[in-house]
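The structure presented is a predicted model; accordingly, all values stated were derived computationally and were not measured. FYI, side chains are in, hydrogens and waters are out, and symmetry mates aren't considered; it's all heavy atoms of this structure. Note on naming: letters A, B, ... go to the chains in the order of the sequence lines (proteins, then strands), and numbering restarts at 1 for each one.
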Amino acid sequence: MSDERRPAAAPAVSAGEAEGRAPARHYRREVPESNLLLEPVLDWYAESARDLPWRAPGASPWSILVSEIMLQQTPVIRVLPVWTEWMERWPTAAALAGEPPGEAVRHWGRLGYPRRALNLHACARAITDRHGGEVPSDHATLLTLPGIGEYTAAAVASFAFKGRHAVLDTNVRRVLARAVRGEEYPPKATTSAERRLAESLLPGADDAPVWAVAVMELGALVCTARAPRCADCPIVELCAWRLAGKPAYDGPARKGQTYAGTDRQCRGRLLSVLRQAHGPVPKDALDVVWDIAPQRERALDGLIADGLAEVLDDGTYRLPG
DNA sequence: CAGACGTGGCG
DNA sequence: TCGCCAAGTCT
């Protein structure tokens with residue numbers, strides 16, 4: 001067992017927990033080590049947290065659910081204005097459920113990944129049809145809603161209902177990778193070891209929801225991917241990565257996502273036309289935004305298959321009605 | 001499980 | 001400039 005890629009620095013949690021595996025010839029501790037990161041992170045959050053509207057004390061579970069879906073792969077600064085408009089227009093799930101799905105797509109604007117708008121609309125209808133108009137509070141039920149996966153279910157259960165869940169998003173994974181594992185970046189996909197680690201760090205019920213949002217915020221504002229601001233970090237003295245001299249990432253190349261010329265870009269162009277038109281558009285209006293006909297047809301078929309667009313009997317196209 | 005799925009801004 | 005990255009989910 002000489003897998004010594006871990007730094008010899010003082011870990012923020014016990015070695016067994018940090019490794020995500022049982023120490024040789026010993027049982028894992030039943031009771032996790034106390035979380036040394038808890039107090040400094042909570043103190044930092046109390047002083048440095050952004051004043052985001054979905055974190056306001058009066059924010060409804062619905063408004064929090066909407067924010068979480070919008071924030072998937074999308075920066076806060078771009079979500080803010082769209083979320084505000086949605087909340088004015090559709091303050092409840094029932095309000096959105098009363099609209100055709102195309103309206104959700106139209107008011108999604110340029111947030112990207114527009115299937116999320118469709119998911120939110122489907123969530124709204126499921127919530128009104130099956131849950132009495134109230135956003136479900138438990139993780140398992142949230143997971144049954146469209147577009148809600150492991151992370152979002154935990155986030156809503158934690159932020160909206162103050163449940164005790166490990167909320168593992170890209171920010172938290174990066175903070176834990178650095179502070180505890182001593183590595184610059186987490187694995188490409190979430191591992192069971194990461195999940196065990198996150199759960200081992202979970203404080204008691206009273207602190208769990210704040211801890212979750214605080215670690216996320218730390219990752220978003222200080223422990224950033226590109227240029228971490230270690231000078232402003234409340235746990236810099238405990239950080240295994242810093243203690244190890246901030247070794248550069250040496251794992252496999254990270255996924256690069258090219259965009260220009262892809263079907264995704266083509267879909268974006270086509271949908272943009274449909275969003276801006278307030279009625280069915282002739283095929284010509286779509287043809288002019290993309291030169292390569294086969295790719296354009298494939299993209300359009302894809303949008304229709306995904307429920308983001310529909311063809312009418314007269315051969316015109318529009319957002320789903 | 002790797003790849004699809006939008007868009008814009010920053011280092 | 002341009003690749004990388006942003007509160008993921010689904011297949």
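For the pair A:R173 CZ and C:dA7 P, the interatomic distance rounds to 12 Å; values are reported in whole Å. C:dA6 atom P lies 13 Å from atom CG of A:L221, rounded to whole Å. Between the OH atom of A:Y249 and the P atom of C:dC4 there is a distance of 12 Å, rounded to whole Å. The distance between atom CG of A:L111 and atom P of C:dC5, rounded to the nearest whole Å, is 22 Å. Across the protein-nucleic acid pair, A:L52 atom CG and C:dA7 atom P stand 12 Å apart, rounded to whole Å. Nucleotide C:dC4 holds its P atom 10 Å from the OH atom of A:Y185, rounded to whole Å.
Put simply, A:R267 has a side-chain N or O that comes within less than 4.0 Å of OP1 or OP2 on B:dG6. One finds a side-chain N or O of A:Y259 lying less than 4.0 angstrom from the OP1 or OP2 phosphate oxygen of B:dT7.
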Any N/O pairs under 3.5 Å between the protein and nucleotides 9-11 of chain B? List them or say none.
| from | atom 1 | to | atom 2 | distance (Å) |
| --- | --- | --- | --- | --- |
| B:dG9 | N2 | A:R226 | NH2 | 3.4 |

Below 3.5 Å between N/O atoms, which protein atoms pair up with nucleotides 9-11 of chain C? Just atom names and distances, please.
| from | atom 1 | to | atom 2 | distance (Å) |
| --- | --- | --- | --- | --- |
| C:dT9 | OP1 | A:G149 | N | 2.8 |
| C:dT9 | OP1 | A:G149 | O | 3.4 |
| C:dT9 | OP1 | A:T152 | N | 3.0 |
| C:dT9 | OP1 | A:T152 | OG1 | 2.7 |
| C:dT9 | OP2 | A:Y151 | N | 3.3 |
| C:dC10 | OP1 | A:G147 | N | 3.0 |

Taking only N/O atoms, report every protein-nucleotides 1-3 of chain B pair under 3.5 Å with atom names and distance.
none

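Residue contacts for A:W54: at a heavy-atom cut-off of 4.0 Å it reaches a base atom on one of the strands shown.
Judged by distance alone, the side chains of A:S272 and A:Q276 do bring a donor and an acceptor atom under 3.5 Å apart. Side-chain contact check for A:N119 and A:R116: no donor-acceptor pair (N or O, by modelled atom type) lies under 3.5 Å.
A heavy-atom distance below 4.0 Å to DNA chain C is reached by these residues of residues 158-171 of chain A, ordered by number: A:D169, A:T170, A:N171. For residues 133-142 of chain A, proximity to DNA chain C is found at no residue, defined as any non-hydrogen atom under 4.0 angstrom from a strand atom. Sorted by residue number, the list of members of residues 275-295 of chain A with any non-hydrogen atom under 4.0 Å from DNA chain C is empty.
When the P atom is compared between B:dG11 and C:dA7, the two are found 14 Å apart, to the nearest whole Å.
Mapping A:R110 and A:D263 onto DNA chain B via the closest heavy atom, the residue that lands nearer the 5' end is A:D263.
You'll find that the side chain of A:A225 is closest to C:dC5, out of C:dC5, C:dA7, B:dG6. The side chain of A:E68 lies closest to C:dA7, out of C:dA7, B:dC5, C:dG8.
Using cut-offs of 30° and 60° on the angle between ring planes, the pair A:W86 and A:W108 is perpendicular.
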